[in-house]
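So that the names make sense, note that chain A is the first sequence line, chain B the second, and so on, each numbered from 1.
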Amino acid sequence: MGYEKFIKQVSGKKKSDLMLFTLTTCGWCQKTKKLLKELGVEYKYVDVDLLEDKDKQEAQKIMTRWNPRCSFPTLVINNTRAITGFQEDQLKELADNA
Amino acid sequence: MRDVSDKDIDALYGIFKKDAESGGYYLNPDTGFAKELVRGLIANEERYGYQSCPCRLASGIKEEDLDIICPCDYRDEDIGEYGACYCALYVSGEIAEGKKSAGSIPERRPAAEQRKKMKTEKETGRIENGGKLSLPLPVWRCKVCGYLCARTEPPEICPVCKVKKDRFERFL
């Protein structure tokens, strides 16, 4: 998996396994990162627009599994489900209960 | 990626705002948020050669990305239904006035497979209908704002929303 070496980790309380796929240019992606940080939860992220073509395709393939539209941001939770877009309430709930 | 200067962002933001207002559109009243999107548009212009939507991943092939070059083909429908375009650079009058706030909305752009299928169907349909029209001139439609005009070729620039000729499709 080529893109995996570009995954970055943000430290915080370990709630669930959170993997966030983002674009550096996207306002909703920036808001999602900021809120997760404020909520103090641990999460990983990868900026897909900065990847080389092959890694980009790999990352999109993984995203498609959880979000067929492959839209940004996509937050994959415990490798079982995804939150797509900037969903303030769902992220807060996740930080409380997950 | 080169660091885009605040001066460049302010300049482009000013142009967008003026164009938006003269065409009956509004930019997001959260100027900090809007300017971050403008930064993204400048970054995409440098990467791909065109200002593709900052909240969508461009393929880098212009022909495949035409529908997501800002303003995208989905902006007006999204403003109508949700009060904001997908990235929320453009918003409704209600949101611009602060009566409501913009949120993250579902993606209207069809998935890649679907887009490919639609394109083939459209091209095949056009060939089948070719030559059967009795209009004196073809009618062209701007895919961004819906402007229609009957002339031999679409205009260089849409007189309503200012997008380029390549965003027009043959309507009749």
Side-chain angles (χ1 to χ4, degrees), chain A residues 2-3 6 8 19-38 45-76 81-94, chain B residues 1-4 9 13 27-48 50-61 65 68 70 72 74 78 82 84-91 101-115:
Chain A
Y3 80 93
F6 298 99
K8 289 174 188 150
M19 178 62 216
L20 180 65
F21 293 88
T22 50
L23 299 177
T24 58
T25 50
C26 169
W28 301 122
C29 295
Q30 287 169 19
K31 277 191 187 273
T32 304
K33 281 178 178 172
K34 194 167 164 246
L35 181 59
L36 285 174
K37 178 102 186 140
E38 279 168 15
Y45 73 91
V46 64
D47 290 319
V48 180
D49 56 330
L50 300 183
L51 300 173
E52 293 293 330
D53 279 352
K54 210 174 152 226
D55 295 339
K56 202 183 270 180
Q57 280 163 15
E58 258 181 36
Q60 282 178 279
K61 212 171 153 187
I62 299 292
M63 279 176 73
T64 311
R65 216 183 274 171
W66 311 109
N67 171 14
R69 298 303 272 277
C70 208
S71 58
F72 295 89
T74 292
L75 178 66
V76 180
R81 67 184 182 100
I83 295 178
T84 59
F86 173 61
Q87 313 296 348
E88 208 170 336
D89 294 344
Q90 289 183 46
L91 294 177
K92 283 180 180 162
E93 200 180 306
L94 196 66
Chain B
M1 191 168 37
R2 177 179 77 90
D3 271 341
V4 182
I9 294 170
Y13 173 80
L27 293 191
N28 194 317
D30 180 347
T31 45
F33 184 79
K35 285 184 181 180
E36 276 308 305
L37 294 169
V38 172
R39 183 194 298 277
L41 286 170
I42 297 174
N44 283 346
E45 165 103 59
E46 290 187 355
R47 286 173 180 165
Y48 310 117
Y50 43 88
Q51 292 175 356
S52 63
C53 175
C55 290
R56 293 174 168 120
L57 188 61
S59 70
I61 301 161
D65 294 337
I68 55 163
C70 185
C72 68
Y74 315 102
D78 281 337
Y82 302 107
C85 71
Y86 187 63
C87 73
L89 177 60
Y90 291 95
V91 297
S101 54
S104 195
I105 64 167
E107 171 64 297
R108 185 180 299 275
R109 186 190 201 203
E113 281 294 302
Q114 184 69 17
R115 290 201 303 277

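- Among B/L57, B/L89, B/I105, the residue with the largest count of heavy-atom pairs under 4.5 Å with chain A is B/L57.
- Residue A/R69 comes nearest to B/E107 through the heavy atom pair NH2-O, 3.1 Å, listed as atom of the first residue, atom of the second, then distance.
- Interface remark: B/P106 contributes no atoms to any contact with chain A (heavy atom separation under 4.5 Å).
- Expressed to the nearest 0.5 Å, how far CZ of B/R108 lies from OG of A/S71 amounts to 14.0 Å.
- Here the closest heavy-atom approach between residue A/G85 and residue B/S104 is recorded as CA-OG, 3.3 Å.
- At distances below 3.5 Å, not a single donor-acceptor pair connects side-chain atoms of A/T25 with backbone N or O atoms of B/G40.
- Of all non-hydrogen atoms in A/G27 and B/C55, the two that sit nearest each other are N-SG, 3.7 Å.
- Within the 4.5 angstrom heavy-atom criterion, no atom of A/E88 approaches chain B.
- Annotation: side chain of B/R47 is in contact with side chain of A/L50 (closest heavy-atom distance under 4.5 Å).
- B/R56 touches chain A through its backbone: at least one of N, CA, C or O sits under 4.5 Å from a heavy atom, while the side chain does not.
- Listed here is the closest heavy atom pair of B/Y86 and A/W28: O-NE1, 3.1 Å.
- The distance from atom CG of A/L23 to atom SG of B/C87, rounded to the nearest 0.5 Å, is 11.5 Å.
- Interface check for chain A: of the options B/A111, B/A58, B/P54, B/A112, the most heavy-atom pairs under 4.5 Å are formed by B/P54.
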